[in-house]
Amino acid sequence: MKLVTAILKPFKLDDVRDALSEVGIRGMTVTEVKGFGRQKGHTELYRGAEYVVDFVPKIKIEIGVREDLLDQVLEAITSAAHTGKIGDGKIFVQNIDQVLRIRTGEIDEDAL
Amino acid sequence: MKLVTAILKPFKLDDVRDALSEVGIRGMTVTEVKGFGRQKGHTELYRGAEYVVDFVPKIKIEIGVREDLLDQVLEAITSAAHTGKIGDGKIFVQNIDQVLRIRTGEIDEDAL
Amino acid sequence: MKLVTAILKPFKLDDVRDALSEVGIRGMTVTEVKGFGRQKGHTELYRGAEYVVDFVPKIKIEIGVREDLLDQVLEAITSAAHTGKIGDGKIFVQNIDQVLRIRTGEIDEDAL
Amino acid sequence: MILSIQLRTKFQSLRSLSALVFFTAIAWSPASLAAPPDSGDTAWVLTSTALVLFMAIPALALFYGGLVRVKNVLSLLMHCFVIVCAASILWFIAGYSLVFTDGGSQQAWIGGFSRIFLRGLTAQSQSGKLPEAVFIMFQLTFAAITPALIVGAFAERMRFSAMLLFSMGWLLLAYVPVAHWVWGNGWLMQLGVLDFAGGIVVHVNAGVASLVAALVIGRRQGFPQKPMPPHSLVLAYTGAAMLWVGWFGFNAGSALAANGSAAMAMLTTHLAAASGALVWMAIEWVKFGKPSVLGIATGMVAGLGTITAAAGYVGPAAAVGIGSVAGASCFWATQYIKNILHVDDSLDVFSVHGVGGTVGSLLTGILVASQFGGVGLAEGATIGSQLMVQALAIVVTALWSGLVTLGLLKLVDRLVGLRVNAEEETEGLDIVFHEERGYNL
Amino acid sequence: MILSIQLRTKFQSLRSLSALVFFTAIAWSPASLAAPPDSGDTAWVLTSTALVLFMAIPALALFYGGLVRVKNVLSLLMHCFVIVCAASILWFIAGYSLVFTDGGSQQAWIGGFSRIFLRGLTAQSQSGKLPEAVFIMFQLTFAAITPALIVGAFAERMRFSAMLLFSMGWLLLAYVPVAHWVWGNGWLMQLGVLDFAGGIVVHVNAGVASLVAALVIGRRQGFPQKPMPPHSLVLAYTGAAMLWVGWFGFNAGSALAANGSAAMAMLTTHLAAASGALVWMAIEWVKFGKPSVLGIATGMVAGLGTITAAAGYVGPAAAVGIGSVAGASCFWATQYIKNILHVDDSLDVFSVHGVGGTVGSLLTGILVASQFGGVGLAEGATIGSQLMVQALAIVVTALWSGLVTLGLLKLVDRLVGLRVNAEEETEGLDIVFHEERGYNL
Amino acid sequence: MILSIQLRTKFQSLRSLSALVFFTAIAWSPASLAAPPDSGDTAWVLTSTALVLFMAIPALALFYGGLVRVKNVLSLLMHCFVIVCAASILWFIAGYSLVFTDGGSQQAWIGGFSRIFLRGLTAQSQSGKLPEAVFIMFQLTFAAITPALIVGAFAERMRFSAMLLFSMGWLLLAYVPVAHWVWGNGWLMQLGVLDFAGGIVVHVNAGVASLVAALVIGRRQGFPQKPMPPHSLVLAYTGAAMLWVGWFGFNAGSALAANGSAAMAMLTTHLAAASGALVWMAIEWVKFGKPSVLGIATGMVAGLGTITAAAGYVGPAAAVGIGSVAGASCFWATQYIKNILHVDDSLDVFSVHGVGGTVGSLLTGILVASQFGGVGLAEGATIGSQLMVQALAIVVTALWSGLVTLGLLKLVDRLVGLRVNAEEETEGLDIVFHEERGYNL
Ligand SMILES: Nc1ncnc2c1ncn2[C@@H]1O[C@H](COP(=O)(O)OP(=O)(O)O)[C@@H](O)[C@H]1O
Ligand SMILES: Nc1ncnc2c1ncn2[C@@H]1O[C@H](COP(=O)(O)OP(=O)(O)O)[C@@H](O)[C@H]1O
Ligand SMILES: Nc1ncnc2c1ncn2[C@@H]1O[C@H](COP(=O)(O)OP(=O)(O)O)[C@@H](O)[C@H]1O
């Protein structure tokens with residue numbers, strides 16, 4: 001099983017969720033994060049004191065997926081989150097050793 | 001060493017922490033997240049405009065553990081976080097290559 | 001490629017970012033988290049009702065790095081985040097299978 | 001025409017009506033200058049002025065600001081603030097003079113220039129039983145809050161400069177003439193229209209402008225599919241509760257005296273607010289299963305907007321009736337406009353103020369009659385004739401306000417562009433126009 | 001009985017006391033109708049009415065809302081709002097009439113029906129030197145805020161419908177009679193009890209009801225082990241500061257005139273608030289090492305609640321004394337009730353209002369004496385006799401309020417269920433009853 | 001000396017000026033006790049008192065609290081609160097007496113002891129046309145808000161106990177004497193200085209103290225490199241808007257009557273606020289490309305601070321001028337102090353209040369002249385002579401306030417330490433001194 005972690009532009013979250021549910025993904029976990037990268041933040045001015053906000057608000061989604069779904073998932077996220085503008089974000093794929101559903105005690109693929 | 005990531009119902013956090021400290025876990029990192037899954041959110045109504053909140057507030061805990069403690073940790077979380085109702089959450093286990101304690105420079109198991 | 005996850009004292013974030021950019025790191029993702037560990041929280045009193053806040057506000061940074069940069073990155077973080085006082089935080093290193101830049105479709109090291 | 005006949009007779013009878021107190025006596029009635037100002041009346045109108053400013057900022061600003069998404073909260077706060085400032089200066093320059101001084105041969109349509117830049121005003125100048133300066137200030141706050149009401153209609157998508165140009169143009173071209181017609185001894189006042197504190201001048205006027213503005217500027221991205229929940233109901237509630245308190249100044253202050261009429265206006269205002277709130281809550285409870293904070297607060301505002309025309313003219317039982325009708329009709333209008341017509345009048349300004357103002361101004365024509373506990377119709381008027389005058393005033397105001405709004409928005413669109421682009425709308429107006437964020441928690 | 005003898009003598013002497021101004025003159029004293037209302041007095045009571053409404057919403061609502069957890073903030077705001085609305089309508093229907101009109105042969109116990117639905121009220125109706133409409137409004141705000149005080153006791157766990165039923169029942173069965181006894185020429189007033197602005201009628205009454213309600217409904221899940229920190233001290237502070245400002249209307253408005261008595265009441269009110277705040281802060285500083293924002297604000301409210309009975313009767317030095325005693329005694333009560341008895345009177349309503357109201361009403365009996373700088377005892381009264389009357393009024397009010405509360409809660413529990421279930425309590429009342437959340441940041 | 005000659009002539013002429021109304025008549029002018037208080041005037045000053053308290057808490061507290069980082073919000077709220085409480089008690093003990101009662105042979109410098117602990121005060125005591133108790137209360141609120149203004153200068157780094165000691169010392173040693181000199185028939189009043197509502201006594205006085213305090217305590221860690229954005233502009237806005245409303249009490253209340261002078265003061269106050277806001281906004285728009293909420297609000301406060309000295313003396317056109325000058329000069333001062341001098345006057349108290357107060361107090365000396373629409377200079381005074389007196393008063397006040405501040409801060413530093421250590425500053429004052437957090441969302 002793989003853990004897919006994607007950093008997205010916040011307003012793309014709904015589209016990505018829709019795309020994922022089309023490939024059969026029912027669950028995911030979402031976190032509000034601050035992104036630093038090529039995309040620049042903005043400047044705020046408070047009574048003439050400049051305040052450079054160098055982070056950009058981003059959304060991080062984490063999805064545990066069966067290996068056979070991985071490519072579809074990556075494809076779904078990529079196409080739904082794509083705007084072509086800087087700051088579209090990244091996807092990281094990592095291995096998961098074990099998954100457990102607390103409610104039922106099911107493990108691994110059954111637990112996803 | 002393993003990284004245990006658990007998604008929990010927020011009001012279970014205290015119980016889980018107690019259970020973990022009983023098996024000797026002293027440290028963890030907690031994030032407020034939004035969960036999407038089988039458990040449904042609720043509907044809000046603002047002057048008749050319906051707003052389906054399809055996420056559920058969840059708590060994510062991340063714990064770096066020594067491999068020999070892993071089973072106890074999983075057991076502790078599972079039993080403390082269990083309500084039997086949908087949305088109890090999941091546990092993911094991943095491998096950690098390296099750990100480092102910033103204060104002392106200790107590494108790996110000593111750093112946990 | 002490796003995923004470096006560091007838990008820091010919030011006021012050290014700026015220093016760490018500076019140190020990282022010196023070793024060539026341009027991107028990272030930052031999350032506000034609550035830390036439990038050896039460092040104790042504080043006590044709040046509301047009309048005589050004691051409320052022990054046992055967590056400490058922390059910042060979590062996640063950085064995908066090329067393997068050859070890993071040591072420099074660890075070194076940069078460690079020295080910039082170090083105060084020598086309890087609660088300086090930890091660094092976890094994990095493996096990443098795959099990286100993808102949504103905007104361009106670039107993968108792996110090109111995507112970082 | 002029947003109207004022009006009425007005009008003459010009404011002009012006589014109307015003098016006995018308290019609407020008259022709205023009319024400043026400068027120029028044409030020097031006799032009233034004889035008695036020195038009454039300190040108690042002055043105290044109450046000074047207080048009422050503070051209360052109406054309080055309604056505009058912070059109350060309305062917080063109410064509106066709380067109802068939008070977090071990325072636009074400051075833009076709403078800024079709109080209310082800058083409108084108050086700019087309207088105040090416009091009022092000083094020409095607004096007051098054009099509404100309340102004698103327009104000579106044009107008096108039916110517009111006032112005169114004798115108080116341009118408030119020239120000649122001193123601490124000794126009097127307007128009826130009040131120092132003229134406090135009458136000016138009290139009326140200024142009305143001129144300031146009325147355009148601010150409209151910003152709720154085009155919230156979250158209008159350019160800042162466009163909003164400012166439009167609001168000031170609208171103040172001069174819509175508010176000033178209507179206020180003159182109804183309160184400044186213009187033709188509607190001479191016909192005997194009853195509008196105690198602004199049901200027509202403020203609420204119908206701003207309400208219709210809101211509907212037109214919402215239609216012209218178009219819906220927000222994603223409306224109505226995408227939910228846009230209020231970012232802070234706590235903030236909106238704070239504003240709403242403050243509006244209630246401030247409205248005591250608005251309505252009871254409009255008696256321009258600290259007397260039984262002011263007291264009765266406060267009582268009717270309060271009862272209508274309470275009834276409107278309870279009726280809205282009851283409908284929600286029955287229809288949706290749960291009463292909401294936003295609902296009860298909206299019902300309250302509906303009750304207040306609706307009683308405004310009637311406040312000093314009707315009795316307490318009538319006020320409960322007016323408030324109840326307000327709660328029901330504004331609720332229904334909100335559902336209809338938003339969910340059936342899918343018009344994105346974002347903060348429901350037309351449904352609450354436009355509909356409420358209309359209903360209330362009509363009901364005033366009936367409930368003012370002494371058989372319903374009101375202060376009584378003017379000599380020679382019947383409920384039927386009064387209703388006709390009320391309806392006429394509403395229709396004319398609605399048409400005028402609608403046309404002015406349409407014309408102005410087209411013009412402003414040419415000048416500076418009305419609406420932000422899609423990316424700016426996504427980013428939020430706070431950063432785009434003010435380079436600030438509401439919260440850095 | 002000694003009491004019935006006192007009754008007659010007090011009735012004479014009391015006429016010289018300003019408590020009398022609370023009594024409306026309709027029906028039994030037509031002479032007072034001769035003089036027209038004083039515009040200055042009217043202005044001040046109009047203002048005071050706005051200030052007391054301001055205390056209920058937003059002030060009290062924000063104070064309470066800030067002190068609970070974020071999942072319940074809207075429920076507190078809603079409680080205060082709906083109570084204000086419903087109490088206003090009840091006051092219109094019967095409340096005012098039952099408190100302040102002549103009850104004929106039952107006058108000692110309850111007022112009459114002559115103003116049911118405020119019938120017959122016009123802008124010309126007078127009550128003492130005031131338009132009756134403003135007296136009605138001013139008293140309405142007291143009737144609205146008193147049941148709202150109680151919701152702090154059962155915060156975060158009562159069902160919405162139960163809260164509404166209970167509050168309105170309590171208003172009719174506890175507030176209305178006690179207000180009549182003390183202010184409406186009922187038996188306690190005839191005994192000469194001194195309660196300038198509601199130490200007994202409002203604070204003892206609501207305070208005791210709070211204690212009983214907290215005991216009947218039981219503790220919140222996890223109390224007292226689980227900490228339940230205020231979700232926004234900023235919000236609570238805002239409410240508290242507004243309460244202070246609004247209290248000027250409550251206490252100085254109770255003079256029902258803009259005169260030296262009102263001025264003195266404002267001064268004593270302010271000094272007691274400041275002293276209460278400083279004493280509470282000092283105790284915290286010594287006992288816990290750090291003074292807190294919540295502490296200083298609570299001390300201030302304690303000072304205000306405690307001076308309420310005495311405001312217009314005592315001098316400034318006495319006010320500082322009363323405030324200081326308030327800070328200390330309410331602090332101690334809070335610790336005792338919460339940490340020793342483990343009663344979950346969630347927002348400490350009894351400890352602050354009940355204890356403060358009691359202490360203040362007793363001290364009034366002493367400090368009213370001219371040797372302490374007060375306005376002086378009624379003719380024939382001694383400090384001892386006055387203290388007895390004060391104590392009697394407190395005890396009777398406490399018993400009555402406690403019994404009514406108990407009975408009502410049992411009844412409401414049968415009708416709709418008093419308390420949410422465990423899951424609902426965990427989820428929070430905002431979603432459960434109102435399908436809204438306080439913040440969407 | 002020319003001054004001592006002026007002193008005598010001015011003393012005569014000044015009686016015709018409304019500044020005189022500030023002076024209480026006790027002791028030396030028993031004649032004024034003959035007429036009973038005017039209820040309308042009393043009503044307005046009671047109301048104004050509530051408005052000025054409202055300015056201090058919640059308004060100023062929220063304004064300041066919103067502008068600091070979230071870890072220090074409660075400390076600012078607490079500062080304002082405790083200062084109001086402690087200043088009230090000091091005013092009761094000695095402040096009022098030392099400012100406003102007759103100082104006998106020392107009268108030029110300081111008042112007397114006849115109202116120590118407000119002894120002898122009753123509801124019948126009168127001060128001019130007002131009950132003395134309300135005059136005391138009104139003036140108390142000025143004494144309370146003035147030291148609270150200063151806390152913005154050393155925000156986010158001063159120890160709580162140091163702040164409290166300093167503030168109370170400053171009240172006694174800086175506010176009390178200057179208030180006596182200017183308003184209590186002291187030497188500056190006798191010279192004929194014009195300060196309607198505190199341009200000198202409040203704003204110059206507190207502004208200079210702020211600059212000195214900022215220099216003595218030093219910059220915050222990281223200033224000016226590290227950005228320290230306001231944690232909640234919504235909160236700051238709420239406070240700012242409330243300040244505007246409350247300022248009506250501050251300035252129009254300073255007429256101490258509900259008359260044309262009060263009305264004119266309200267009008268000038270309002271117009272200056274609006275102009276100041278618009279000018280600041282315009283400068284930002286041109287200079288930075290975007291107008292900001294914080295900017296427009298700051299411009300408004302600048303306008304208000306600047307018109308304060310002039311409010312009842314000038315006409316509406318002059319007020320617009322004063323407001324505009326205020327917006328520009330305070331904007332410039334803010335940039336200069338912060339970005340050029342790098343002085344960490346954290347919330348720009350000197351730039352806004354000090355500079356605004358100075359500019360406004362000087363302009364008063366010119367615009368009071370009848371040729372500019374003002375109420376006219378005192379008999380025998382010329383614009384030149386009046387300007388000299390104004391400048392003298394400003395310079396003396398600035399010197400005195402600066403020296404007192406310096407001395408007190410050095411003393412307090414010895415006693416309890418002025419500043420937190422670096423770790424505490426990082427952690428935030430809320431936890432360090434009050435063991436509370438602003439929000440638990
Ligand atoms: N090396 C990295 N490790 C972790 N997160 C990263 C890294 N680089 C970028 N990110 C995240 O991805 C987001 C987008 O990256 P950015 O460089 O701005 O644009 P793009 O996605 O177009 O390359 C950043 O805001 C940050 O959250
Ligand atoms: N595939 C997944 N990847 C990551 N997180 C998931 C996944 N599925 C569920 N979750 C998380 O677990 C939470 C609980 O899942 P849910 O399906 O609602 O109930 P249950 O835990 O009973 O299976 C979700 O709210 C979400 O945060
Ligand atoms: N086993 C762990 N797993 C995950 N995070 C941990 C673990 N132990 C500590 N942390 C995180 O590191 C932070 C610092 O740890 P702490 O024990 O307080 O001090 P130190 O870093 O000096 O060892 C904690 O607040 C927590 O966020």
Side-chain angles (χ1 to χ4, degrees), chain A residues 1-10 12-13 15-16 19 29-41 51-62 65 67 70-97, chain C residues 1-8 10-34 57-67 70 73 76-77 80 92-112:
Chain A
M1 297 149 300
K2 295 292 175 186
L3 180 71
V4 175
T5 302
I7 316 289
L8 309 172
K9 291 190 166 162
K12 280 294 190 183
L13 177 59
D15 295 345
V16 170
T29 299
V30 171
T31 315
E32 290 172 12
V33 297
K34 299 173 177 176
F36 293 87
R38 281 170 194 75
Q39 187 190 357
K40 288 298 150 235
Y51 167 32
V52 182
V53 180
D54 45 8
F55 64 84
V56 186
K58 296 279 173 197
I59 285 289
K60 178 170 87 173
I61 61 176
E62 291 167 300
V65 292
E67 235 138 314
L70 181 61
D71 288 343
Q72 290 179 54
V73 163
L74 295 184
E75 168 57 27
I77 297 176
T78 314
S79 58
H82 185 265
T83 70
K85 299 229 179 78
I86 212 162
D88 273 354
K90 315 215 180 285
I91 309 179
F92 300 100
V93 181
Q94 290 176 285
N95 199 54
I96 306 181
D97 294 355
Chain C
M1 297 149 302
K2 296 292 175 184
L3 179 71
V4 175
T5 302
I7 316 289
L8 308 172
F11 74 97
K12 280 295 189 182
L13 176 60
D14 287 341
D15 294 346
V16 170
R17 281 208 304 119
D18 292 348
L20 285 169
S21 80
E22 270 171 39
V23 300
I25 297 296
R26 298 211 200 98
M28 74 185 71
T29 300
V30 171
T31 315
E32 288 172 13
V33 297
K34 299 173 179 178
K58 296 281 173 194
I59 285 288
K60 177 169 86 173
I61 61 176
E62 291 167 300
I63 320 162
V65 293
R66 295 204 321 266
E67 235 139 313
L70 180 63
V73 163
I77 297 176
F92 301 99
V93 181
Q94 289 176 284
N95 199 55
I96 306 182
D97 293 355
Q98 215 178 320
V99 180
L100 211 148
R101 188 195 306 277
I102 293 171
R103 170 165 50 95
T104 56
E106 284 163 293
I107 60 164
D108 293 348
E109 311 220 328
D110 295 335
L112 284 175

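Computation of the quantities below employed the complete heavy-atom set of this structure, encompassing side-chain atoms and omitting hydrogens, waters and symmetry-equivalent molecules. Each chain gets a letter, A, B and so on, in the order its sequence line appears, and its residues count up from 1.
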If we only count heavy atoms from C-beta on, is the [X] to [Y] side-chain gap below 4.5 Å?
X	Y	value
E75(A)	S79(A)	yes
L100(C)	K90(A)	no
R66(C)	L112(C)	yes
I91(A)	V4(A)	yes
I86(A)	D88(A)	no

Within the distance-only criterion (no hydrogens, no angle test), does the side chain of [X] pair as donor or acceptor with the backbone N or O of [Y] below 3.5 angstrom?
X	Y	value
T83(A)	K85(A)	yes
T104(C)	E106(C)	yes
E67(C)	M1(C)	yes

Quiz item: Given I77(C), which of I25(C), D15(C), V16(C) fulfils the side-chain contact (heavy atoms from CB on, under 4.5 Å) condition?
Solution: V16(C)
Quiz item: Could you name the residues of residues 51-59 of chain A that have a heavy atom within less than 4.5 Å of a heavy atom in chain C?
Solution: D54(A)
Please state whether the side chain, the backbone, both or neither of [X] comes within less than 4.5 Å of a heavy atom of chain C.
X	value
T78(A)	both
Q39(A)	neither
L3(A)	neither

Exercise. Mind ranking H82(A), K2(A), E32(A), K60(A) by heavy-atom pairs under 4.5 Å with chain C and telling me who comes out on top?
Key: H82(A)
Quiz item: What residue in G89(A), G35(A), G87(A) has the most heavy-atom pairs under 4.5 Å with chain C?
Solution: G89(A)
Self-check item: Heavy-atom pair count under 4.5 Å with chain A, highest-scoring of R26(C), Q94(C), Q98(C)
Solution: Q98(C)
